[in-house]
Amino acid sequence: MANDIVNVEPDESLKTWGWVSYILHLIVAIGAVLPGAQASIVILLVALVIDFVKRDDAAGTWQASHFSWRIRSVLWAGLLYIVTSWLWLLFFVPGWIAWSLISLWFLYRIVKGMIRMNDNRPMEPKDVI
């Protein structure tokens with residue numbers, strides 16, 4: 001009985017919180033891709049806090065995968081930015097290229113998640129890195 005999957009009716013407020021988080025992530029992602037449109041790290045931190053706080057409330061629903069998706073997106077992007085930051089110290093162009101690719105990847109993940117959430121579909125386990 002402990003391993004049974006319980007199908008919990010989703011709380012509509014979870015979807016609202018999910019959209020708020022996706023929109024905040026989208027603002028940051030667009031700001032990272034467009035030159036001169038840098039969004040504040042505070043916006044990203046607010047979105048991340050929402051995801052961490054609401055993730056447990058979403059347990060057992062299709063929306064839980066979206067909270068994990070956004071958290072992993074931020075953590076992977078942050079790690080990739082840190083790992084490639086030395087390129088900025090040595091060479092400007094490789095650093096710019098690396099960070100541009102990371103930013104585009106982050107934007108892709110946010111848009112993909114928004115599309116799946118709009119269709120009321122979870123992120124597939126194979127999609128959740």
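Note: hydrogens, waters and symmetry copies are ignored here, and every other heavy atom, side chains too, is used. Numbers for residues simply follow the sequence, beginning at 1. For clarity, every value in this text was computed on a predicted model and none was experimentally measured.
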What closest approach, in Å, do Ser103 and Tyr81 show between heavy atoms, and which atom pair accounts for it? OG-OH, 2.6 Å
With Arg109 as the cation and Trp69 as the aromatic partner, state whether NZ or CZ is under 6.0 Å from the six-membered ring centre and within 45° of the axis. yes
Shared hydrophobic cluster, Ile82 / Val28 (ILVMFWY, side-chain heavy atoms < 4.5 Å): no
Using the rule that Ile, Leu, Val, Met, Phe, Trp and Tyr join whenever any side-chain heavy atoms are under 4.5 Å apart, tell me whether Val33 and Ile115 fall into a single cluster. yes
Just by modelled atom types, is the Ser65 backbone N or O under 3.5 Å from a matching donor or acceptor in the Ser68 side chain? no
side-chain contact (heavy atoms from CB on, under 4.5 Å) between Phe67 and Phe52, worked out: CA-CA 8 Å; Phe67 287 99; Phe52 275 114; over 6 Å; no
Using the side chain to side chain contact (heavy atoms under 4.5 Å, CB included) definition, which of the options Ile97, Leu79, Thr84 pairs with Ile102? Thr84
Nearest-0.5 Å distance, OH of residue Tyr108 to CG of residue Leu101: 15.0 Å
Identify the two heavy atoms, one from Leu14 and one from Met117, that lie closest to each other, and give their separation to 0.1 Å. O-CE, 4.4 Å
At what distance, to the nearest 0.5 angstrom, does OG of Ser73 lie from CG of Leu44? 10.5 Å
Given side chains that start at C-beta, do those of Arg72 and Leu75 come closer than 4.5 Å, heavy atoms only? no
Look at the side-chain heavy atoms of Ile, Leu, Val, Met, Phe, Trp and Tyr, link any pair under 4.5 Å apart, and say whether Val49 and Ile41 land in one connected group. no
Distance from Trp99 atom CH2 to Leu104 atom CG, nearest 0.5 Å? 14.5 Å
Using every non-hydrogen atom in the two residues, find where Ala47 and Leu24 come nearest and quote the distance to one decimal. CB-CB, 3.7 Å
Check whether any side-chain heavy atom of Met114 lies under 4.5 Å from a side-chain heavy atom of His25, and answer yes or no. no
Tell me whether Phe106 shares a hydrophobic cluster with Ile23, the cluster being built from Ile, Leu, Val, Met, Phe, Trp, Tyr side chains joined at under 4.5 Å. yes
Contacts of Trp17 meeting ring-ring contact (aromatic ring centres under 6.0 Å, His included) (sequence neighbours excluded), chain-then-number -> none
Does atom CH2 (Trp86) have a neighbourhood of more than 12 heavy atoms from anything else shown, all under 6.0 Å? no
Look at the side chain of Ser21 and the backbone N and O of Gly18, then say whether any donor-acceptor pair between them is shorter than 3.5 Å. no
Evaluate the ring planes of His66 and Tyr22, with Trp represented by its six-membered ring, and classify them as parallel (under 30°), tilted (30 to 60°) or perpendicular (over 60°). perpendicular
When rounded to the nearest 0.5 Å, the distance separating CD1 of Ile43 from CG of Leu48 is 13.5 Å
Supply the atom-to-atom distance Ile71 CD1 to Arg55 CZ, rounded to the nearest 0.5 angstrom. 4.0 Å
Please check: side-chain N/O of Arg116 versus main-chain N/O of Pro122, any donor-acceptor pairing under 3.5 Å? yes
Keeping to residues at least two apart or across chains, list the salt bridge (Lys or Arg N to Asp or Glu O under 4.0 Å) pairs with something in residues 41-53. Asp51-Arg70
So, taking the atom named OG1 in Thr16 and the one named NZ in Lys54, what distance separates them when rounded to the nearest 0.5 Å? 10.0 Å
Given side-chain contact (heavy atoms from CB on, under 4.5 Å), test Asn120 with Lys15 step by step and report yes or no. CA-CA 9 Å; Asn120 293 325; Lys15 193 168 184 182; 2.4 Å; yes
